[in-house]
*Asks:* 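Structure in structure tokens, see below.
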Amino acid sequence: MKSPITKAILLVGGKGTRLAPLTNNTPKPMLKVAGKPVTEHQIVKAREAGITEIVLATSYMAEVFEPYFGDGSRFGISIKYAIEDQPLGTGGAIANAASQLNLRSDESVVIFNGDVLSGHDLHAQILLHHNRQADVTLYLTRVSDPRAYGCVPLDSEGRVLEFLEKMENPKADTINAGCYIFNARSLSMIPVNQVVSVERETFPALLAQDFSIFGYHDNTYWIDMGTPQSFIKASADLILHPELSRATEVTDAGYVAEARVSIHPTATVGGGSVLSDGVTIGAGARVMGSMIGSNAIIEDSAEVIDCYVAPGLKIRNQAKYQGQILDN
Ligand code: GDD
Ligand code: MG
């Protein structure tokens with residue numbers, strides 16, 4: 001599919017503090033959802049919308065991305081790396097990464113938050129940006145409690161009126177869903193080599209200067225994996241609804257199992273669970289909607305529902321857990 005936009009930036013430098021202990025040894029974007037790193041799902045989505053060149057904006061644990069993604073050829077896309085010695089914030093990271101893209105003055109770039117998975121139609125967002133000749137286009141979704149997000153009220157033509165990051169009293173239920181398109185002119189407004197928040201500084205500044213910012217409203221699947229519970233849910237959702245991402249090959253079994261997994265014939269596994277390398281599931285055990293870390297053992301008749309089980313952990317005979325992060 002020929003796209004008027006072929007370049008993208010993925011913001012993958014955040015620390016993911018709220019995701020501990022999952023992020024103790026792995027940066028949030030490299031955590032596996034449905035058996036593949038979050039970033040891989042995003043790369044595949046970008047490629048399918050016509051993106052051919054991506055810069056990963058890295059900071060926290062920058063060194064783990066390149067060994068996995070390399071030059072991108074394995075994923076059918078060109079991948080480069082921008083590294084911040086000190087985190088530059090979302091805006092600073094965008095400006096730093098953009099310097100590797102050699103954007104022409106008539107080009108635009110797609111930018112993703114590195115912890116969001118969505119079913120939104122990125123190609124349609126690109127076309128809206130292009131057809132409206134927007135400076136910026138924001139993918140928006142609707143949530144019942146917008147306080148933890150960027151609240152983005154629109155006028156009747158879909159123009160963004162304000163950008164209000166994490167407000168106690170949100171003015172609208174449409175929020176920034178974490179996928180932006182910037183044209184070269186708006187990108188050049190972000191100062192370089194400086195800590196900048198795109199949400200708190202850049203968007204309000206562009207609006208104050210009458211840049212034309214449009215909302216692309218799409219209410220299909222969307223999840224921000226800010227907490228361990230949302231992470232577990234995202235993984236299960238992607239396994240149960242394989243159309244949400246083509247990065248994972250899912251069988252009809254309702255779960256994903258890596259190598260050397262042993263499941264007793266009387267055990268039940270499903271609900272979008274992931275069994276990592278070397279996991280053992282005992283007789284009569286039940287594992288539903290859970291992420292089980294490498295070499296963990298679920299003993300006979302234990303029940304693990306909507307949980308995260310840390311690598312190497314043993315869940316005792318007959319133990320029952322639901323919705324918990326189980327970590328040593
Ligand atoms: N390279 C780099 N450097 N990346 C960063 C930095 C940085 O200094 N700080 C944050 N990021 C990345 C994170 O890894 C994440 O992918 C993205 O930028 C957004 O940061 P979060 O820390 O996840 O922000 P949030 O979830 O509180 O809020 C953001 O996302 C919401 C939607 O999920 C905002 O963009 C909100 O407006 C939005 O509604
Ligand atoms: Mg987030």
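Quick caveat, the model's predicted, so the values are computed rather than measured. Throughout, residue positions are numbered sequentially from 1 according to the sequence presented. Whatever order the structure lists ligands and atoms in, that order sets their numbers, starting from 1. These numbers come from the heavy atoms of this one structure, side chains and all, not from hydrogens, waters or symmetry mates.
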*Asks:* Can you check whether Glu165 has an N/O within less than 3.5 Å of an N/O in ligand 1?
*Replies:*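 N/O-N/O distance below 3.5 Å exists for this pair.
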*Asks:* Tell me whether Glu40 is salt-bridged to Lys32, with the criterion being a basic N under 4.0 Å from an acidic carboxylate O.
*Replies:*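 No, this pair does not count.
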*Asks:* Just to confirm my output: which protein heavy-atom neighbour is closest to atom 20 (O) of ligand 1, and how far is it?
*Replies:*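 Looking only at protein heavy atoms, the one closest to atom 20 (O) of ligand 1 is Thr90 CG2, 4.4 Å.
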*Asks:* Test your reading of the structure: does Ala57 have an N or O sitting under 3.5 Å from an N or O of ligand 1?
*Replies:*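 Yes, at least one N or O pair falls under 3.5 Å.
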*Asks:* If you measure every N/O of Gly14 against every N/O of ligand 1, is any gap under 3.5 Å?
*Replies:*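 Looking only at distances, the answer is yes, because the N/O contact criterion of under 3.5 Å is met.
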*Asks:* If we count only non-hydrogen protein atoms and require a distance under 4.0 Å, does atom 16 (O) of ligand 1 qualify as touching the protein?
*Replies:*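 Under 4.0 Å from atom 16 (O) of ligand 1, at least one protein heavy atom found.
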*Asks:* Under 4.5 Å between side-chain heavy atoms, hopping through other hydrophobics if needed: is there a path connecting Tyr68 to Tyr60?
*Replies:*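 Yes: a chain of side-chain contacts under 4.5 Å links Tyr68 to Tyr60.
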*Asks:* Which is it for Leu88 and ligand 1 at heavy atoms under 4.0 Å: side chain, backbone, both or neither?
*Replies:*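 The backbone, only.
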*Asks:* Just wondering, more than 12 heavy atoms not from Asp106 lying within 6.0 Å of its CG?
*Replies:*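 Above 12, so yes.
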*Asks:* Near Lys28, which atoms of ligand 1 are under 4.0 Å from a heavy atom of that residue?
*Replies:*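 Every atom of ligand 1 under 4.0 Å from some heavy atom of Lys28: 23 (O).
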*Asks:* Report, in ascending order of atom number, the atoms of ligand 1 lying under 4.0 Å from any heavy atom of Gly114.
*Replies:*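 The list of qualifying atoms is 15 (C), 16 (O).
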*Asks:* Can an N or O of Asn176 be found at a distance shorter than 3.5 Å from an N or O of ligand 1?
*Replies:*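 Yes; at least one N/O pair falls below 3.5 Å.
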*Asks:* So for ligand 1, is Pro29 a polar contact partner (N or O within less than 3.5 Å, distance only)?
*Replies:*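 Min N/O separation from ligand 1 is not below 3.5 Å for Pro29.
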*Asks:* Does Arg246 have more than 12 heavy atoms from other residues, nucleotides or ligands lying within 6.0 Å of its CZ?
*Replies:*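 Open.
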*Asks:* Can you tell me if CD on Gln86 sees more than 12 non-hydrogen neighbours from other groups inside 6.0 Å?
*Replies:*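 No.
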*Asks:* To the nearest 0.5 Å, how far apart are CG in Asp237 and CD1 in Ile232?
*Replies:*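 Here the rounded value is 11.5 Å.
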*Asks:* Just checking Glu243: does its CD atom have more than 12 heavy atoms from other residues, nucleotides or ligands closer to it than 6.0 angstrom?
*Replies:*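 Counting other residues, nucleotides and ligands, CD of Glu243 exceeds 12 neighbours.
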*Asks:* Polar contacts were defined as any N/O atom of the residue lying under 3.5 Å from an N/O atom of the ligand; does this apply to Asp224 and ligand 1?
*Replies:*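 Right, the criterion is met.
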*Asks:* Using a 4.0 Å heavy-atom threshold (strictly under), name the region of Phe203 that reaches ligand 1: side chain, backbone, both or neither.
*Replies:*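 No part of Phe203 is near ligand 1 at this cut-off.
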*Asks:* If I consider every N, O or S atom in Asp115, which one ends up closest to the Mg ion (ligand 2)? I only need its name.
*Replies:*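 When I compare the N, O and S atoms of Asp115, OD2 is nearest to the Mg ion (ligand 2).
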*Asks:* Quick one: look at Tyr60 and ligand 1, take heavy-atom pairs under 4.0 Å, and tell me if it's side chain, backbone, both or neither.
*Replies:*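 Under 4.0 Å from ligand 1, Tyr60 contributes no heavy atoms.
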*Asks:* If we only consider heavy atoms of Lys15, is any one of them less than 4.0 Å away from an atom in ligand 1?
*Replies:*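 False for this residue.
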*Asks:* Need the ligand 1 atom indices (1-based, order shown) with element for anything under 4.0 Å from a heavy-atom of Trp222.
*Replies:*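 Matching atoms, with element in brackets: 32 (C), 33 (O).
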*Asks:* Specify the closest pair of heavy atoms between Gln100 and Tyr81, including all atoms of both residues, with the distance to one decimal.
*Replies:*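 Heavy atoms only, the tightest pair is NE2-O, 2.7 Å.
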*Asks:* Taking 4.0 angstrom as the limit and counting only heavy atoms of Tyr180, give me the atoms of ligand 1 inside it, by number and element.
*Replies:*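 So the atoms of ligand 1 that pass are 35 (O).
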*Asks:* Give a yes or no on whether the backbone of Gly226 and the side-chain of Ser230 come within a donor-acceptor separation of less than 3.5 Å.
*Replies:*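 Such a contact is found between Ser230 side chain and Gly226 backbone.
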*Asks:* Please state whether the rings of Tyr216 and His120 are parallel, tilted or perpendicular, taking 30° and 60° as the class boundaries.
*Replies:*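 Ring orientation of Tyr216 relative to His120: tilted.
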*Asks:* N/O to N/O below 3.5 Å, does that happen between Gly178 and ligand 1?
*Replies:*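 Between Gly178 and ligand 1, no N or O pair is found under 3.5 Å apart.
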*Asks:* Classify the ring geometry of Phe69 against Phe75: parallel below 30°, tilted from 30° to 60°, perpendicular beyond 60°.
*Replies:*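 Aromatic pair Phe69/Phe75 classed tilted.
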*Asks:* If you measure from atom 25 (P) of ligand 1 to every heavy atom of Lys166, Glu199, Gln42, which option wins on shortest distance?
*Replies:*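 Residue with the shortest heavy-atom distance to the ligand atom: Lys166.
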*Asks:* So for ligand 1, is Gly150 a polar contact partner (N or O within less than 3.5 Å, distance only)?
*Replies:*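 There is such a contact, yes.
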*Asks:* Measure the distances from the heavy atoms of Tyr139 to every atom of ligand 1 and state whether one is below 4.0 angstrom.
*Replies:*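 False for this residue.
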*Asks:* Would you say Gly13 and ligand 1 have an N/O pair spaced under 3.5 Å apart?
*Replies:*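 Right, the criterion is met.
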*Asks:* Distance under 4.0 Å to a non-hydrogen atom of Val116: what atoms of ligand 1 satisfy this?
*Replies:*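 Counting from 1, the qualifying ligand atoms are 33 (O).
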*Asks:* Looking only at distances, can you tell me whether any N or O atom of Asp115, backbone or side chain, sits closer than 3.5 Å to an N or O atom of ligand 1?
*Replies:*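 For ligand 1, there is an N or O atom that lies under 3.5 Å from one belonging to Asp115.
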*Asks:* Check each of Leu10, Thr58, Asn113 against atom 30 (O) of ligand 1 and report the one with the nearest heavy atom.
*Replies:*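 Ranked by closest heavy atom to atom 30 (O) of ligand 1, first place is Asn113.
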*Asks:* Tell me the contacting part of Pro87 for ligand 1: side chain, backbone, both, or neither, using a 4.0 Å heavy-atom threshold, strictly below.
*Replies:*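 Near ligand 1, Pro87 shows its backbone as well as its side chain.
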*Asks:* Do the side chains of His130 and Ile5 get nearer than 4.5 Å, heavy atoms only?
*Replies:*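 Of all side-chain heavy-atom pairs linking His130 with Ile5, none is under 4.5 Å.
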*Asks:* Take atom NZ of Lys15 as the centre, draw a 6.0 Å sphere, and report whether it contains more than 12 heavy atoms from other residues, nucleotides or ligands.
*Replies:*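 No - once you tally the heavy atoms of other residues, nucleotides and ligands closer than 6.0 Å, there are 12 at most.
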*Asks:* What do you reckon, is CZ of Arg147 surrounded by more than 12 foreign heavy atoms closer than 6.0 Å?
*Replies:*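 Counting other residues, nucleotides and ligands, CZ of Arg147 stays at 12 neighbours or fewer.
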*Asks:* Identify the closest protein heavy atom to atom 1 (N) of ligand 1: which residue and atom is it, and at what distance?
*Replies:*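 Here the nearest protein heavy atom works out to Glu84 OE2, 2.7 Å.
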*Asks:* Is any side-chain heavy atom of Arg159 closer than 4.5 Å to one of Ser212?
*Replies:*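 With C-beta onward as the side chain, the pair touches.
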*Asks:* Identify, by atom number and element, the atoms of ligand 1 in contact range of Ala93, meaning under 4.0 Å from any of its heavy atoms.
*Replies:*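 Close to Ala93: 1 (N), 2 (C), 3 (N).
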*Asks:* Can Ser294 and Asp277 be counted as having a side-chain donor-acceptor contact under 3.5 angstrom?
*Replies:*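 Looking only at side-chain atoms, Asp277 and Ser294 do not form any donor-acceptor pair under 3.5 Å.
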*Asks:* Numbering the atoms of ligand 1 from 1, which are under 4.0 Å from a heavy atom of Gly89?
*Replies:*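 Selected atoms, number and element: 3 (N), 7 (C), 8 (O).
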*Asks:* Report yes or no: do Tyr308 and Leu238 belong to one cluster of Ile/Leu/Val/Met/Phe/Trp/Tyr joined by side chain heavy-atom distances under 4.5 Å?
*Replies:*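 Yes.
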